[in-house]
Number of protein chains: 2
Amino acid sequence: METLRERKKQRTRDALLRTALELFTTQGYEQTTVDDIAAAVDVSQRTFFRYFAGKEEAALALEEMAVAHFVAAVRERPPHEAPMEALRQAVLEGWDTLNDVIEAVVPIELYLRMYQVIESTPVLFAAHLRRSAEIEESIARVLAEREGLDVDADPRPRVAVAVFGGVMRLTERQWSVGEDFSLDAMRTLTVSYLEQVGPALSESWRTR
Amino acid sequence: METLRERKKQRTRDALLRTALELFTTQGYEQTTVDDIAAAVDVSQRTFFRYFAGKEEAALALEEMAVAHFVAAVRERPPHEAPMEALRQAVLEGWDTLNDVIEAVVPIELYLRMYQVIESTPVLFAAHLRRSAEIEESIARVLAEREGLDVDADPRPRVAVAVFGGVMRLTERQWSVGEDFSLDAMRTLTVSYLEQVGPALSESWRTR
DNA sequence: AGGCTAGTGACAGCCTCTGACAATTGACAA
DNA sequence: TTGTCAATTGTCAGAGGCTGTCACTAGCCT
């Protein structure tokens with residue numbers, strides 16, 4: 001943020017992002033054109049594409065921050081924790097501290113609303129899932145490293161992350177269709193779904 | 001397939017689909033325009049969009065058939081099987097019988113090659129994942145019904161499917177980056193990843 | 001045989017995204 | 001302060017996906 005040039009650039013990007021999110025969450029993603037965004041910020045359409053690879057990238061920018069936050073949390077888990085426990089703790093801690101991370105850029109409320117938009121907009125939801133798949137691969141590597149394993153030789157890191165990721169995506173989805181759109185509700189849901197993994201995998205459900 | 005009109009329609013659709021898949025698997029998805037496909041079949045671009053909602057739909061048409069095949073297999077599992085076992089058996093049986101289902105439309109080889117294209121083309125992969133998420137929801141309902149549960153009251157059906165689905169997507173991905181692109185390899189991978197779920201969830205991996 | 005309708009082609013147009021070039025503006029040294 | 005260089009932006013042009021409209025043709029039905 002040294003020079004004037006850099007500050008101006010940052011301001012343009014911020015305006016673009018904030019305006020985009022505002023429009024997405026009010027009139028919907030599909031209903032908002034890039035021209036709308038550019039016009040609202042009073043820059044050319046071309047400029048928008050110089051800051052964001054596409055409409056999609058702007059829509060997922062906050063999610064990207066959250067993801068980075070979680071991955072960092074996983075990396076910082078103490079090595080003695082069992083793999084699944086490390087993932088669990090990282091996510092729970094992530095929810096607790098996400099507020100500050102997001103508020104540094106936009107109101108947390110905008111993030112939560114955007115989350116809904118993502119879950120309910122097919123093309124965004126698809127992109128979100130693809131991104132999740134990428135993240136899972138990198139987390140599997142982190143896990144493997146923690147345990148001193150080779151991801152390509154031992155399937156357990158990837159399997160563990162696949163299972164965990166599956167449950168996390170379920171959690172996100174159920175949160176988005178629920179009524180309580182708070183980070184706290186997200187946290188609570190996370191805990192309850194994770195503790196259902198054991199029971200769900202048990203032989204028969206009838207003998208609960 | 002009664003009238004001439006219906007037969008002609010079917011032929012146009014077949015030609016469109018087959019040509020599209022052929023082009024996608026040879027020059028790549030992004031490199032193939034709808035105009036290319038339409039031109040190769042000698043119909044107008046507009047006609048392509050009358051048969052497929054978009055380029056994407058054509059690319060995922062076979063996958064859609066396979067999915068329907070699997071879902072049907074799950075529904076036909078004997079009620080006494082434990083949930084996870086029913087899913088496992090359905091998928092394995094699915095792989096065994098998929099050949100005939102696909103061959104009825106296009107050479108199985110085209111399906112396998114298209115699968116690779118999907119996994120390696122971001123936008124297609126994303127769409128594929130989104131579709132998988134939809135399927136998971138419907139399978140969770142099947143499972144709940146089998147067990148006489150309410151999907152919204154008992155989390156276990158959705159959790160079980162989320163876990164299973166996570167592992168299946170991992171399986172697909174690893175298959176697509178491997179060397180053996182046969183249905184048999186897919187089957188083998190499925191078995192080996194599924195049996196890693198237990199070990200991956202265990203407390204510590206070091207005391208294997 | 002003639003009316004009816006599904007299917008198609010031909011346009012026109014919107015929107016996302018990219019390349020190219022020129023104009024503007026900030027950075028920095030003389 | 002001024003001139004030069006480089007970064008940023010606007011403008012234009014155009015490709016490609018996708019949709020609406022309308023007229024026309026070919027199969028269908030009585």
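Labels below follow one simple rule: chain letters A, B, ... track the order of the sequence lines, proteins then strands, and each chain is numbered from 1.
- Against DNA chain D, the stretch residues 29-52 of chain B makes heavy-atom approaches under 4.0 Å through Thr32(B), Thr33(B), Val34(B), Gln45(B), Arg46(B), Phe49(B), Arg50(B).
- Separating the CD atom of Glu56(A) from the C1' atom of dT18(C) is a distance of 17 Å, rounded to the nearest angstrom.
- Under the 4.0 Å criterion applied to side-chain N and carboxylate O atoms, Glu63(B) and Arg131(B) are not assigned as salt-bridge partners.
- dA27(C) atom C1' lies 13 Å from atom CZ of Arg7(A), rounded to whole Å.
- Of all the heavy atoms in Leu183(A) and Trp95(A), the pair that sits closest is CD2-CE3, 3.8 Å.
- When the C1' atom of dA7(D) is taken as reference, atom CD of Gln10(A) falls 16 Å away, rounded to whole Å.
- Side chain of Tyr29(B) to main chain of Glu56(B): a donor-acceptor pair is present (N/O by atom type, distance under 3.5 Å, no hydrogens or angles).
- Ion pair Glu85(B)/Arg77(B) not flagged as a salt bridge, since none of the NZ, NE, NH1 or NH2 atoms sits closer than 4.0 Å to an Asp/Glu carboxylate oxygen.
- Electrostatic pairing of Arg158(B) and Glu137(B) counts as a salt bridge here, judged by a charged N lying under 4.0 Å from a carboxylate O.
- Annotation: Asp150(A), atom CG; neighbour count of heavy atoms from other residues, nucleotides and ligands within 6.0 Å is above 12.
- Taken to the nearest 0.5 Å, the OG1 atom of Thr188(B) stands 5.0 Å off from the CG atom of Asp184(B).
- Taking a 4.0 Å limit (strictly below) on heavy-atom distances, residues 14-26 of chain B does not reach DNA chain D anywhere.
- Aromatic ring orientation, Phe48(B) versus Phe52(B): tilted (interplanar angle from 30° to 60°).
- For Lys8(A), a side-chain nitrogen or oxygen approaches OP1 or OP2 of dG26(C) to under 4.0 Å.
- Each of Arg5(B) and Glu6(A) lies near DNA chain D, and the nucleotide nearest Glu6(A) is the one positioned closer to the 5' end.
- Phosphate proximity of dT8(D) to Lys9(A): present, with a side-chain N or O under 4.0 Å from OP1 or OP2.
- Proximity of Thr12(A) to the phosphate of dT9(D): a side-chain N or O atom is located under 4.0 Å from OP1 or OP2.
- Here the C1' atom of nucleotide dG7(C) and the CZ atom of Arg11(B) are 14 Å apart, to the nearest Å.
- Salt bridge status for Glu134(B) with Arg130(B): present, with a side-chain N to carboxylate O gap under 4.0 Å.
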